[in-house]
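Within every chain, numbering begins at 1; the chains are lettered A, B, ... in the order of the sequence lines, protein sequences first and strands thereafter. Computation of the quantities below employed the complete heavy-atom set of this structure, encompassing side-chain atoms and omitting hydrogens, waters and symmetry-equivalent molecules.
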Amino acid sequence: MANDDERLERLQGMLRQRGILLPAFDLYGGAKGFYDFGPVGGRLRSRLNQVWIDHWLSLGNIVEISCPTVTPYEVLEASGHVGEFSDFMTVCGQCDEASRADTLLEAHHPNPDALSQSELQSLLTKVNPDCPSCPTPEWSPVVAQNLMFSTTIGAGSSGRPGFMRPETAQGMFTSFPALYRHFRERLPFGAIQVGKGYRNEISPRQGMIRLREFNMAELEYFIDPNERPNHDFSSWSSHEICLIDGDGVSHSMTLQHAAESGLIRHPTVGFFMGKTFDFLSSVGIDGTRVRFRQHASDEMAHYASDCWDVEIHGSYGWIECVGIAHRGCYDLEAHETATGKSLRARREFSEPKIREIDGWTIDGGVAGPAFRADAGQVKTIVESFDADVEFPVEVTLSDGRNLAVAAEHVKRVQKTVKETGEWFIPHVVEPAFGIDRILWHVLDHAFEETEKGGEPYRMLKLADSVAPIDVAILPLFEKDGMDDLALELHQLCCSTSGLVSLYDGSGSIGKRYARSDEIGVPICITVDHQSVEDRTVTIRKRDDGSQTRMSMDQLPFL
RNA sequence: GCGAGCGUAGUGUAGUGGUUAUCACCGGGCGUUGCCAACGCCUGAACCCGGGUUCGAGUCCCGGCGCUCGCACCA
């Protein structure tokens with residue numbers, strides 16, 4: 001274990017020195033839970049994001065969106081984050097003592113912890129509980145204080161409370177109507193979003209593993225719960241993976257078997273587990289150090305009905321880096337309830353349903369003036385009657401009063417209703433990726449320590465797909481035209497779309513190879529005297545140190 | 001948030017209250033007909049911040065900030 005810790009320290013030192021990951025605001029003494037991606041790390045992060053985006057877009061029914069990080073209070077109240085992540089505070093205006101509102105009201109309610117902000121506010125106003133530090137309490141309005149960074153949208157009294165988003169998901173849910181329309185009202189479809197999330201951690205630890213501002217990438221995939229999806233599991237058919245179920249029992253089986261046996265409760269969850277494994281492999285994560293762990297029922301988030309964490313093993317042990325959750329209809333339903341707007345999809349019946357209606361309703365022209373304010377209630381009651389009821393009938397209202405409904409107040413309803421389909425709330429399967437945690441493990445798994453000439457030698461064997469620099473251009477010496485030729489090649493590479501080149505003319509050639517290896521450059525190109533004569537250059541590969549000579553005008557990546 | 005330990009160049013470190021803060025790698029420049037951290041010369045770079053004790057503080061004391069670990073918390 002001590003060896004592991006020392007390796008971790010050497011890796012972190014190298015990442016700082018090479019401008020990959022650095023503590024943020026170091027100039028001012030640092031800030032816990034915040035990291036900078038440096039001149040090399042910045043590119044690494046955006047490459048990783050791009051690979052992730054391309055991976056999901058390749059499914060064909062996914063779109064990328066981008067929503068604000070600043071989110072109005074009501075949105076996160078509806079989603080459950082305010083309740084799940086908040087303590088409600090109030091301040092005594094007489095003595096400045098801050099108290100938790102639910103604690104103050106413990107004597108006046110059986111479970112104040114479960115009350116919403118407005119319920120707490122009205123109870124606080126009604127009870128006006130004693131202040132623990134002064135005799136004349138004067139409680140301020142109740143405010144939410146929780147793990148979300150709170151802010152104010154707008155200034156002064158017109159300001160509106162809000163939060164920095166704790167996940168990107170809510171933006172996808174609030175965009176559901178636009179997504180539904182974009183996809184021509186046909187499920188299934190998904191939306192992805194890559195961006196920052198915020199969480200005011202009490203105690204950030206373990207470097208990139210627990211941050212206060214972090215990069216996340218989420219897919220919200222909307223499905224019809226009545227349709228059994230038919231996913232193709234064949235590409236993983238020969239691959240048994242490590243699955244730990246909700247009781248902590250470990251299984252080794254194929255994804256298809258796990259989905260068919262019911263261990264994975266929904267095939268789409270299983271399919272995304274496979275796609276997630278593919279993604280991790282494509283960015284250089286060691287597949288033998290990946291496992292899937294199912295949440296126990298008491299561990300599940302407030303919105304989820306099944307959840308699998310993808311855990312990656314590295315310097316900090318097994319760390320959850322991806323969560324694949326079946327969120328059911330929780331979120332869309334919550335936003336429907338909060339706004340009164342429809343967030344539903346339509347499902348056509350294979351055969352229209354014919355319904356015969358034979359009953360009663362009120363005759364508005366007579367019943368309205370007769371019953372006035374009670375007419376609505378009378379209508380509901382009358383419409384529940386069978387066709388063979390005989391009027392007059394005495395009905396009982398909700399407040400206990402009785403009214404006589406006569407034949408003149410009602411009329412017979414006889415019609416045939418044809419229903420061709422129905423509206424339902426789609427279910428959501430959500431793979432949520434902690435990009436920083438994945439990026440950390442990409443670095444951890446790529447970090448290779450060897451010896452060269454008796455000296456320790458370090459390199460990052462990064463996958464080409466995420467390597468921050470594609471090619472380093474090295475003039476053997478910066479003279480005799482070698483520097484000019486190298487700069488020409490460097491310029492050509494830099495102006496080639498998608499290609500990132502690094503020019504390095506400082507120090508010995510061996511030192512420059514070593515520095516390139518430390519930031520994971522897959523290919524170095526050396527310009528020497530012969531290059532000036534015949535425009536051939538040496539291609540040196542990071543992983544095996546092999547060198548081949550070819551014309552600089554025929555480089556495969558240009 | 002509580003407790004313990006720690007904080008010195010880009011990195012890793014030495015430093016018993018006393019002159020100009022040690023060493024190595026590192027970074028930069030020049031040279032080197034030369035391809036895997038080579039060599040020579042020159043050069044750059046640090047005591048986390050703020051108070052206090054003291055003639056004098058990197059060193060001792062207090063507070064803050066940060067880091068590591070344990071507990072607590074954790075979608």
Side-chain angles (χ1 to χ4, degrees), chain A residues 1 5-6 8-20 22-34 38-39 76 79-81 83-85 87 146-148 165-170 197 199-207 209-212 214 216 218 295 299-304 307 309 316 320 322-325 327 330 430 432 434 450-459 472 474-480 482 504-518 524-532 537-542 544-549:
Chain A
M1 203 56 189
D5 292 347
E6 286 165 18
L8 175 59
E9 279 170 23
R10 290 192 297 271
L11 172 56
Q12 282 172 332
M14 188 186 88
L15 295 174
R16 273 200 295 278
Q17 191 170 13
R18 290 295 168 216
I20 298 174
L22 310 100
F25 312 115
D26 202 33
L27 196 58
Y28 284 86
K32 229 176 181 178
F34 297 96
L76 291 160
S79 70
H81 287 89
E84 292 288 323
F85 275 79
D87 293 332
N146 79 352
L147 289 183
M148 294 190 286
R165 66 182 177 196
E167 60 174 20
T168 66
Q170 297 309 319
R199 206 167 162 184
N200 203 357
E201 289 284 353
I202 296 167
S203 175
R205 289 281 167 85
Q206 298 176 302
I209 304 301
R210 289 178 73 193
L211 297 169
R212 287 190 163 125
F214 47 97
M216 44 194 335
E218 296 184 302
H295 281 205
E299 182 187 5
M300 213 92 72
H302 60 273
Y303 48 71
C307 186
D309 281 342
Y316 299 106
E320 65 173 274
V322 184
I324 301 170
R327 295 174 78 128
Y330 178 89
E430 175 203 76
T450 52
E451 276 203 359
K452 206 167 198 174
E455 295 288 310
Y457 196 85
R458 295 160 190 169
M459 69 166 77
L474 316 174
L476 200 53
F477 280 95
E478 289 182 302
K479 61 175 189 179
D480 301 337
M482 289 181 275
D504 190 356
S506 153
S508 74
I509 190 68
K511 186 173 286 188
R512 284 179 270 165
Y513 286 147
R515 284 191 294 224
S516 298
D517 287 343
E518 286 194 350
C524 292
I525 295 182
T526 305
V527 175
D528 59 15
H529 283 88
Q530 190 185 334
S531 311
V532 181
V537 291
T538 306
I539 313 289
R540 181 262 190 189
K541 288 189 179 159
R542 175 194 68 203
D544 58 11
S546 68
Q547 296 190 20
T548 48
R549 196 159 192 100

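Judged by distance alone, the side chains of A/T168 and A/E218 do bring a donor and an acceptor atom under 3.5 Å apart.
Closest approach of A/P166 and A/M148 over heavy atoms only: CG-SD, 3.5 Å. When every heavy atom of A/R327 is checked against every heavy atom of A/A169, the shortest pair comes out as NH1-CB, 3.9 Å. Residues A/R549 and A/D528 come closest through the heavy atom pair NH2-OD1, 2.8 Å. Taking every heavy atom of both residues into account, A/D480 and A/V532 meet most closely at O-CG2, 3.8 Å.
Across all strands, A/G38 comes closer than 4.0 Å to no nucleic acid atom at all (heavy-atom distances). Across all strands shown, A/P23 has no heavy atoms under 4.0 Å from either base or sugar-phosphate atoms. At a threshold of 4.0 angstrom between heavy atoms, the contacts of A/D528 include nucleobase atoms, whether or not backbone atoms are also involved. Among the protein residues, A/Q12 comes within range of no part of the nucleic acid, since none of its heavy atoms lies under 4.0 Å from any strand. Within the nucleic acid shown, A/K541 has no heavy atom closer than 4.0 Å to any nucleic acid atom. At a threshold of 4.0 angstrom between heavy atoms, the contacts of A/G29 are confined to the sugar-phosphate backbone, with no base atom among them. Using a 4.0 Å heavy-atom criterion, one finds that A/L476 contacts the bases of the nucleic acid, with or without backbone contacts as well. A/Q547 comes within 4.0 angstrom of a nucleotide base, judged by non-hydrogen atoms across all strands.
For the pair A/I525 CD1 and B/rC36 P, the interatomic distance rounds to 18 Å; values are reported in whole Å. Atom pair A/D26:CG and B/rC48:P shows a separation of 12 Å (rounding to whole Å applied). The interatomic distance linking A/E9 (CD) with B/rC6 (P) rounds to 15 Å, in whole Å. Atom pair A/I509:CD1 and B/rC39:P shows a separation of 16 Å (rounding to whole Å applied). Note: CZ (A/R10) to C1' (B/rU13) measures 15 Å, nearest angstrom. One interatomic measurement links the two molecules: CZ of A/F25 to C1' of B/rG66, which rounds to 14 Å at whole-angstrom precision. As rounded to whole Å, 12 Å separates atom P of B/rG12 from atom CG of A/L11. Taking atom CD on A/E478 and atom P on B/rU33, their separation rounds to 15 Å, with Å as the unit.
For A/E455 and B/rA38, a side-chain-to-base donor-acceptor distance below 3.5 Å is absent, hydrogens and geometry of angles not being considered. The base of B/rC35 lies outside donor-acceptor range of the side chain of A/R540, with no N or O pair under 3.5 Å. Between the side chain of A/Y28 and the base of B/rC65, no donor-acceptor pair of N or O atoms lies under 3.5 Å.
Between the P atoms of B/rA57 and B/rG64, the separation comes to 23 Å (whole Å). The same atom, C1', is picked in B/rU53 and in B/rA45; the two are 32 Å apart, to the nearest Å. The P atoms of B/rC47 and B/rC35 are separated by 41 Å, rounded to the nearest whole Å. Rounded to whole Å, the C1' atom of B/rA46 lies 12 Å from the corresponding atom of B/rU22. Between the P atoms of B/rG27 and B/rU11, the separation comes to 13 Å (whole Å). Separation of the C1' atoms belonging to B/rG44 and B/rC2 is 44 Å when rounded to the nearest angstrom. B/rU59 sits 14 Å from B/rU19 when the P atoms are compared, rounded to a whole Å. Comparing the P positions of B/rA24 and B/rG63 gives a spacing of 39 Å, expressed to the nearest Å.
Residue A/S508 has no polar side-chain atom (N or O) positioned under 4.0 Å from OP1 or OP2 of B/rA37. Between A/R515 and B/rC36, a side-chain N or O to OP1/OP2 separation shorter than 4.0 Å is absent. Side-chain nitrogen and oxygen atoms of A/K511 include none within less than 4.0 Å of the OP1 or OP2 phosphate oxygen of B/rC35. Listed pair A/R458 / B/rA37 fails the phosphate criterion, with no side-chain N or O lying under 4.0 Å from OP1 or OP2. A sub-4.0 Å separation between OP1 or OP2 of B/rU32 and a side-chain N or O of A/K479 is present. For A/R16, a side-chain nitrogen or oxygen approaches OP1 or OP2 of B/rU11 to under 4.0 Å.
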Show which side-chain atoms of residues 452-459 of chain A pair as donor or acceptor with protein atoms under 3.5 Å away, not counting sequence neighbours.
{"residue": "A/Y457", "atom": "OH", "partner": "A/D517", "partner atom": "OD2", "Å": "2.5"}

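Of the listed nucleotides (B/rG10, B/rC35, B/rG66), B/rC35 has the atom at the smallest distance from the side chain of A/T538. Proximity note for A/R549 (side chain, C-beta onward) versus B/rC26, B/rC35, B/rG29: the nearest is B/rC35.
In this structure, B/rG44 and B/rC26 make a Watson-Crick or G-U wobble pair, each of the two defining distances being under 3.5 angstrom. Remark: B/rU19 base-pairs with no nucleotide; criterion is Watson-Crick or G-U wobble with both hydrogen-bond distances under 3.5 Å. Pair assignment for B/rC74: none, as no Watson-Crick or G-U wobble contacts are both less than 3.5 Å. With both pairing distances under 3.5 Å, B/rA37 is matched to nothing as a Watson-Crick or G-U wobble pair.
Mapping A/V537 and A/F34 onto RNA chain B by nearest heavy atom places A/V537 closer to the 5' end of the strand. Each of A/G510 and A/G505 lies near RNA chain B, and the nucleotide nearest A/G505 is the one positioned closer to the 5' end.
You'll find the side chain of A/E518 stays beyond 4.5 Å of the side chain of A/Q17, heavy atoms only.
No salt bridge links A/E478 with A/R512; every basic N to acidic carboxylate O contact stays at or beyond 4.0 Å.
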